[in-house]
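Encoded as structure tokens, the structure appears first; notes follow it.
Quick note on labels: first sequence line is chain A, next is B, and so on, each numbered from 1.
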There are 2 protein chains.
Amino acid sequence: MGHGMASRTDTKTRILDAAEKLFAERGFSETSLRLITSKAEVNLASVNYHFGSKKELIRAVLARYLDVFMPSAAAEIQRLFKNPELANLNEIFSSLIKPLLELNQVRHGGTTIFLQLLGRGYIESQGHLRWFITTHYGKYLEAFVKAVSASAPHIPPAEMFWRLHFTLGTIVFTMASADALNEIAEADYGEHNDTEAIIRKVIPYMAAGVSVPILAKE
Amino acid sequence: MGHGMASRTDTKTRILDAAEKLFAERGFSETSLRLITSKAEVNLASVNYHFGSKKELIRAVLARYLDVFMPSAAAEIQRLFKNPELANLNEIFSSLIKPLLELNQVRHGGTTIFLQLLGRGYIESQGHLRWFITTHYGKYLEAFVKAVSASAPHIPPAEMFWRLHFTLGTIVFTMASADALNEIAEADYGEHNDTEAIIRKVIPYMAAGVSVPILAKE
DNA sequence: GTTTAATTTAAACGGGTGTTTTAAATTAAA
DNA sequence: TTTAATTTAAAACACCCGTTTAAATTAAAC
């Protein structure tokens, strides 16, 4: 099973680069392998040769980001825990900004692409992706949940479960429609927000929602 | 152009009923007309005969809910405005509960289906649906935005625009994955939440996020 | 009851999909 | 230089899609 080097960029990489861009823009099922391979300037059959199937290509595209993001995010959380004073929610959420923006160095537009892929994946793949992420990156997620729970101790675990998924929905839906929202915002309010600006807008929103006290039932 | 009555349920209605269920469960592009017509026990061609195209069927499915929900929601908002004391955000969001739950009387599971359709539509149909909703139901939306803005006057309009879309993402993503989330919540915490319970959980979260003060830049 | 219009049916059309196959070209190893 | 393994290339495969057509059926109007 030796691996030869291709003349230009690696065929596998060319496919991944073209695929992630198209997947993020149009969704998985709306993106055909023929479109991917023509943008990547490789042969149609090479997708199945290198990845086996479209489904596995989707996983490979996501894994390339998750493998960078998850350890980096976990390290940031760890760093917070080491800190003597208990971090507040805004700080915990903000600690993800650096790992997210680092993805822009991995690839141009990486942060947006990653978050859009995450959103598409959660919505399109009826639970498959959720399973894939929790089984492959569960240890990283646990640390994050633990940190959030510790800084909002008045929220019981079951309630926190729901609120963290509200949070996931907030960020994921926002990024999936970020381009469209920016167009409207630009037309109506004359302001354009890049990915970092949107992230910085959404963090206070999520932090406030996660930590809001539970009302006594009427 | 007279209209005859079919023997069983109206063919048009049978198509709409089958379509909305499948659309909500699997998304628009993942649901073929052949699947819809087989579930509805009608002929494949009847979709194009009655609706013209799949795209128009999608719009018809959504309109059937929006035509009920929007006026009802607007009436509730109106009622709040009539009230002397300015309603707070929780009350404004909560005023949508009744219109939402009324959809369950229109059709079984109507509330969930409607919210899921809304989410699918916003994400899948690259802007088409957003345009359809704002142009057809814009006057209703304006009243809602006005009410929310009035009860959070410290949030400038551009910021409120983003926060309201965060809110849309929160509710829409949550409902789209409500079944999956409930499965996990049941296994991990032994509690099951119906649609109303989830809505009541998410409202304080959204209200807190929308009204949280804007931090001064560091 | 006959004519006219509305609806339903079955079949086909043209095109796009993921995947597989076959053979040629390229690269690595012997 | 010969042999083997890998990678590319083009074509075909089998299937599903939304849509259209034209005939059969049903309902309404006269």
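Salt-bridge check for A:R59 with A:E56: failed, with every basic side-chain N at 4.0 Å or more from each acidic carboxylate O. Using a 4.0 Å cut-off between charged nitrogen and carboxylate oxygen, B:R64 and B:D17 count as a salt-bridge pair.
The nucleotide D:dT6 finds its pairing partner in C:dA25, both defining distances of the Watson-Crick or G-U wobble pair being shorter than 3.5 Å. In a base pair of the Watson-Crick type (N1 to N3 plus N6-O4 or O6-N4) or a G-U wobble (N1-O2 and O6-N3), with each distance short of 3.5 Å, D:dA11 is matched with C:dT20.
When the C1' atom of D:dG18 is taken as reference, atom CZ of B:F28 falls 17 Å away, rounded to whole Å. At whole-Å resolution of the value, CD in B:E41 and P in C:dT9 are 11 Å apart. Going from atom CD1 of A:I15 over to atom P of D:dT8 covers 8 Å, rounded to whole Å. One interatomic measurement links the two molecules: CD of A:E30 to C1' of D:dC17, which rounds to 12 Å at whole-angstrom precision. Between A:L44 atom CG and C:dT22 atom P there is a gap of 17 Å when expressed in whole angstrom units. The nearest whole Å value for the distance from the CG atom in B:N43 to the C1' atom in D:dA23 is 13 Å. Atom-to-atom, NZ of B:K12 to C1' of C:dT7 comes out at 12 Å; the value is rounded to the nearest Å. Atom-to-atom, CG of B:L33 to P of C:dA11 comes out at 19 Å; the value is rounded to the nearest Å.
The side chain of A:S32 contributes no N or O atom lying less than 4.0 Å from OP1 or OP2 of C:dG16.
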Given B:T11 and B:H50, is the side chain to side chain contact (heavy atoms under 4.5 Å, CB included) satisfied, shown in steps? CA-CA 9 Å; B:T11 300; B:H50 285 288; 4.1 Å; yes
Please test B:K139 against B:E142 for salt bridge (charged side-chain N to carboxylate O under 4.0 Å, His left out), starting from the C-alpha separation and ending with a verdict. CA-CA 5 Å; B:K139 53 175 178 173; B:E142 276 170 31; over 6 Å; no
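The residue A:S46 sits apart from the nucleic acid: no heavy atom pair falls under 4.0 Å. Among the protein residues, A:T31 comes within range of the sugar-phosphate backbone only, with heavy atoms under 4.0 Å from sugar or phosphate atoms but none that close to a base.
Of the inter-residue distances, the one linking A:L118 atom CG with A:Y65 atom OH reads 12.0 Å to the nearest 0.5 angstrom.
Judged by distance alone with a 3.5 Å cut-off, a donor-acceptor contact links the side chain of B:R34 to the base of D:dG18.
Interface residues of residues 49-59 of chain B facing DNA chain C, ordered by number: B:Y49, B:H50; criterion, heavy-atom separation under 4.0 Å.
Cation-pi geometry between B:R107 and B:F114 is not met: the NZ or CZ atom fails to fall both under 6.0 Å from the ring centre and inside 45° of the normal.
In this pair, A:F132 and A:Y137 present their aromatic rings perpendicular. The plane angle is above 60°, beyond the 30 to 60° band.
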